[in-house]
J.: 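Here you go, one structure.
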Amino acid sequence: MRAWLQCDRCDATYPLHEVRYRCECGWLLDVTHELEGMRGVVSRETFDARHIELAGPRTSPKHSSGVWRYTELVLPVEDEEIVSRPEGNTPSYHHERLSEWVGLDEFCVKHEGENPTGSFKDRGMTVGVTQARALGARAVACASTGNTSASLAAYAAMAGLPALVFIPAGHIAYGKLSQALAYGARTFQIEGDFDDAMGLVQRVCEELDIFLLNSMNPFRLEGQKTIVFELLQSRGWVPPQWIVFPAGNLGNTAAFGKALHELHVLGLIDTIPRLVAVQAEGANPFYLGFMGGFRERVAVRAETIATAIRIGAPVSYWRAVRALRWTDGLVMQVSDQEIMDAKAQVDAAGIGCEPASAAAVAGVRKLVAEAVMDRSDSVVAILTGHLLKDPQSTVDYHSGDTSSSLKATYANRPIPIEASVDAVRRSLEGWL
Ligand code: F0G
């Protein structure tokens, strides 16, 4: 299997072992696989034959990981080189009440928050850190709204690589900050937002010779493609009509489009699902670009309760535009109120997710209400992060915290009570 780095604008190519993220012309690079050579060699059966096995000291990651199962389409490497937790193999859930709430018969959520560090980032990080080690990197770094830093810190610790993370002070959920600190990353809280941190980390990596592991790194995207591979494989390679997900820095948008394009070129799927990237109203540069026909790259100053997607100048902008072109995709926006209400519904279904993930579910409900989706359409939403990543937002919502302007539409308030059975009985009257 042959792969190389390639520019989508000027077609320049570079070898995989060259440390570079951008082409000489300034465009971001892709990992390009020689798909022609794979026709007939790589098939659905190739992946179906790799039965999932529990990770043990000698289990091949190609069996235990939902990323490395697709190694031919991710990164052709030997087992010994791989740094894996293992990740992936995430479940999909169908829940009657949640489906009813969004207005669909056939709705399911694939829970990427059930990855080792609680977000989809682990799928990209296993590939990024594997490549970092293969290149002999002396350290790895990222800017982050929280999840990337948690994942980088964990995988770097496993690989024995020093990790630097740059996060916006005061705008990262506590679960994520605690992970970066616990896993031993050198954690820089910068004054400014994610977009400032992103600018800084690029200069730091360039000047201090450190491997950059944000999603502008093409190896990260190769790992994140497997969300779509696994989703399709779990459905017997029968695609849903829509795949809906939250969008911030646009790494997933770019990766999902590339995944579907490659599967289609290889003949592993006959139809291509439509992608829907959902942004928060206060952090909506991609939505504004979409509404303007993508004539130019839009940037905004971002503000939203969903801190994971509080991003105003997404890095993978143009390759995300390409993903929409490949999939006849859409972009939409939802308010913070819609996000938190959708989160309350996902949580109350016993599934649970962090606020950014719920944007996807809010987006589905809106598309059904606007009759863009039909009740009978098959739709999969990607939940990107775990409920426990951001406990504060959940507790504030349910206890009706007055500092927020949001309405607790589906509040489940904690009940202060005297410690007696009588008091419990009184409180339960009319409830049980
Ligand atoms: N959902 C969650 C939970 C995220 O953490 C992120 C991004 C996204 C959605 C958006 O994905 O950037 O590929 O469009 N989090 C990054 C971080 C930026 O630093 O953890 P995207």
Side-chain angles (χ1 to χ4, degrees), residues 87 90-93 95 98 102 109-125 144-154 165 167-168 170-180 182 194 215 224 227 244-249 251-252 277-283 302-311 334-365 380-399 401 404 406 408-412:
E87 47 294 307
T90 56
S92 290
Y93 303 108
H95 189 280
L98 187 60
V102 295
V109 291
K110 181 166 174 64
H111 208 328
E112 287 298 307
E114 298 187 9
N115 266 295
T117 76
S119 85
F120 72 93
K121 302 288 180 180
D122 295 342
R123 291 195 186 251
M125 215 47 87
S144 182
T145 56
N147 281 325
T148 304
S149 57
S151 185
L152 177 73
V165 306
I167 55 174
H171 291 286
I172 151 169
Y174 241 61
K176 307 173 187 182
L177 176 59
S178 68
Q179 287 178 292
F194 170 83
S215 56
Q224 288 172 211
I227 298 172
V244 187
F245 51 90
N249 213 18
N252 266 348
V278 186
Q279 295 214 288
E281 271 175 12
E303 193 52 81
T304 167
I305 193 166
T307 51
I309 50 173
R310 190 174 174 272
I311 295 172
V334 291
S335 67
D336 280 4
Q337 183 72 54
E338 288 167 321
I339 289 174
M340 291 310 286
D341 287 345
K343 172 175 149 55
Q345 291 292 324
V346 175
D347 294 352
I351 297 168
C353 67
E354 68 162 289
S357 309
V361 176
V364 172
R365 179 169 150 99
V380 179
I382 309 297
L383 299 180
T384 45
H386 198 280
L387 168 71
L388 292 176
K389 287 283 193 173
D390 188 357
Q392 194 66 49
S393 69
T394 312
V395 175
D396 285 351
Y397 179 90
H398 285 290
S399 47
D401 179 277
S404 142
L406 297 177
T409 319
Y410 306 108
N412 179 24

J.: Determine whether the side chains of Glu281 and Ser335 contain a donor N or O and an acceptor N or O closer than 3.5 Å.
T.: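 Side chains of Glu281 and Ser335: no pair found under 3.5 Å.
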J.: With distance as the sole criterion, is a donor-acceptor pair present between the side chains of Thr409 and Gln337 under 3.5 Å?
T.: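 There is such a pair between these side chains.
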J.: Looking at Ala360 and Phe245, what are the two nearest heavy atoms and their distance?
T.: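 That would be CB-CA, 3.8 Å.
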J.: Indicate yes or no for a side-chain donor-acceptor contact from His398 to the backbone of Asn412 under 3.5 Å, with no hydrogens or angles considered.
T.: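 It does hold such a pair.
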J.: Measuring from atom CG of Asn115 to atom CZ of Phe120, what distance do you get when rounded to the nearest 0.5 angstrom?
T.: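 Reported to 0.5 Å precision, the distance equals 10.0 Å.
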J.: For the backbone of Gly146 and the side chain of Ser149, can you confirm whether one donor and one acceptor N or O come within less than 3.5 Å of each other?
T.: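 The answer is yes, because a donor-acceptor pair under 3.5 Å joins these two groups.
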J.: Might you work through the side-chain contact (heavy atoms from CB on, under 4.5 Å) test for Val361 and Gln345, ending with a clear yes or no?
T.: CA-CA 9 Å; Val361 176; Gln345 291 292 324; 5.9 Å; no
J.: Please lay out, stage by stage, how Leu383 and Tyr93 fare under the test side-chain contact (heavy atoms from CB on, under 4.5 Å).
T.: CA-CA 10 Å; Leu383 299 180; Tyr93 303 108; 5.8 Å; no
J.: Locate the shortest heavy-atom distance separating Pro246 from Ala356; write the atom from each residue and the value.
T.: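 Heavy-atom minimum between the residues: CB-O, 3.2 Å.
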J.: Go through the steps for Thr145 and Thr307 under the test side-chain contact (heavy atoms from CB on, under 4.5 Å), then give the verdict.
T.: CA-CA 7 Å; Thr145 56; Thr307 51; 5.6 Å; no
J.: Return yes if some donor-acceptor pair links the side-chain N/O of Asp122 with the main-chain N/O of Thr117 below 3.5 Å, else return no.
T.: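 Side chain of Asp122 to backbone of Thr117, a donor-acceptor pair under 3.5 Å: yes, one is there.
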J.: Checking side-chain contact (heavy atoms from CB on, under 4.5 Å) for the pair Lys343/Ile305: CA distance, chi angles, key distance, verdict?
T.: CA-CA 12 Å; Lys343 172 175 149 55; Ile305 193 166; over 6 Å; no
J.: In Å, rounded to the nearest 0.5 Å, how long is the span from CD1 of Ile311 to CG of Asn249?
T.: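 Result: 4.5 Å between the selected atoms.
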J.: Calculate, to the nearest 0.5 Å, the distance between atoms CE and CG belonging to Met340 and Asp396 respectively.
T.: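 It is 8.0 Å, given to the nearest 0.5 Å.
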J.: Heavy-atom distance under 4.5 Å between the side chains of Val165 and Ser144, does that happen here?
T.: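 A side-chain contact under 4.5 Å is absent here.
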J.: Would you say the side-chain atoms of Ser357 pair up with the backbone N or O of Gly385, donor to acceptor, closer than 3.5 Å?
T.: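 Judged by distance alone, yes, a pair lies under 3.5 Å.
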J.: With Arg123, which of Gln224, Glu112, Glu87 fulfils side-chain hydrogen bond (donor to acceptor under 3.5 Å, both in side chains)?
T.: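 So the option named by the test is Glu112.
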J.: Any donor and acceptor pair, going by atom type alone, linking the side chain of Lys176 with main-chain N or O of Lys389 inside 3.5 Å?
T.: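 No; judged by distance alone, with no hydrogens or angles, the pair does not exist.
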J.: Kindly say whether Cys353 contributes a backbone atom to a donor-acceptor pair with the side chain of Asp347 at under 3.5 angstrom?
T.: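 Looks like yes, one N/O pair under 3.5 Å.
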J.: Pick one: which of His386, Lys121, Glu354 meets side-chain hydrogen bond (donor to acceptor under 3.5 Å, both in side chains) with Asn147?
T.: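 The option that passes is Glu354.
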